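See structure below.
What you see is a predicted model, and the numbers here were worked out from it, not measured in a lab.
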Amino acid sequence: MSATPGRTRTEGSGEIARLLSYVALLAASAGLFLEARTIPTSRFEVLGAGAFPMLVHGALIVLLIGSIAGSLRKIPASAYARFAVEVAEWARAKRLVFAVFGALGLYVATMPVIGYPVATFLFLIVLQVTLAPKTRAAFAIALALALIFSFGLNWVFAEVFNVFLPRGR
């Protein structure tokens, strides 16, 4: 518990999360401001087509800088260490979600190289075996589903729809 009355254990962490969201929004708004500068102008407009988006994002940048300064003043020094511990606990609890996203990234990266059927089969079989119960029936179902949704779908698209999915190199 914090020494400040009425302050909960996670309030400092919530303020850090708010600060991080302000920083992310600031980066996005700055990028969009710079992108708005590249909008071509016509000879009929004095300010150009990018003037309004630049005005909006410029105002957002000013407001976000003020919000970041206010948020930095509200965060107690002890909250930074607690926030790091809570993020580590959260990441440990969500490790399967990270594994699925990692497998999805690997699937997308390998599909152009090894082709849709093989990449999809490997992706589905690995995920299903990882996430499903460890029984023979579950493995048989996972194998059947992986075969149907990889090689079966590839066959349906090629023969019925005449659409060819990535074949690989």
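Looking at every heavy atom in both residues, Ser150 comes nearest to Pro117 through CB-O, 3.3 Å. What you find for Ala30 and Ile61 is that their closest heavy atoms are CA-CD1, 3.8 Å. Nearest heavy atoms, Ala79 versus Ile75: CB-CG2, 4.0 Å. The shortest heavy-atom contact between Ala36 and Met54 is CB-CG, 3.6 Å. For the pair Ala103 and Leu127, the tightest heavy-atom approach, listed with the atom from each and the gap, is CB-CD2, 4.1 Å. Closest approach of Ala49 and Pro53 over heavy atoms only: O-CD, 3.5 Å.
Atom CZ in Arg167 sits 8.0 Å away from atom CG in Asn154 (nearest 0.5 Å). Note that the CD1 atom of Ile16 and the CZ atom of Arg82 stand 8.0 Å from one another [nearest 0.5 Å]. Here CG of Leu32 is found 13.5 Å from CZ of Arg37. Values are rounded to the nearest 0.5 Å. Taken from OG1 in Thr120 to CD1 in Ile148, the straight-line distance is 14.0 Å, to the nearest 0.5 Å. The line from CG of Leu72 to NZ of Lys74 is 11.0 Å long, rounded to the nearest 0.5 Å.
Side-chain contact between Leu153 and Tyr116: present, with at least one pair of heavy atoms (C-beta onward) separated by less than 4.5 Å. No side-chain heavy atom of Leu124 sits less than 4.5 Å from a side-chain heavy atom of Leu145. At a threshold of 4.5 Å between non-hydrogen side-chain atoms, the residues Phe123 and Leu104 count as touching. In this structure, the side chains of Phe83 and Leu20 come closer than 4.5 Å at one or more pairs of heavy atoms.
When the shell of 6.0 Å around CZ of Phe52 is examined, it contains 12 or fewer heavy atoms from other residues, nucleotides or ligands.
A salt bridge links Glu15 to Arg18: one of the charged nitrogens lies within less than 4.0 Å of a carboxylate oxygen.
Ser29 places no side-chain N or O within donor-acceptor distance of the main-chain N or O of Leu26, the cut-off being under 3.5 Å. Within the 3.5 Å criterion, the main-chain N or O of Ala132 finds a donor-acceptor partner in the side chain of Lys134.
The hydrophobic cluster containing Leu122 also includes Val113, Ile114, Val118, Phe121, Ile125, Val126, Val129, Phe139, Leu143, Leu147, Phe151, under a criterion of side-chain heavy atoms closer than 4.5 Å among ILVMFWY residues, counted directly or through chains of members.
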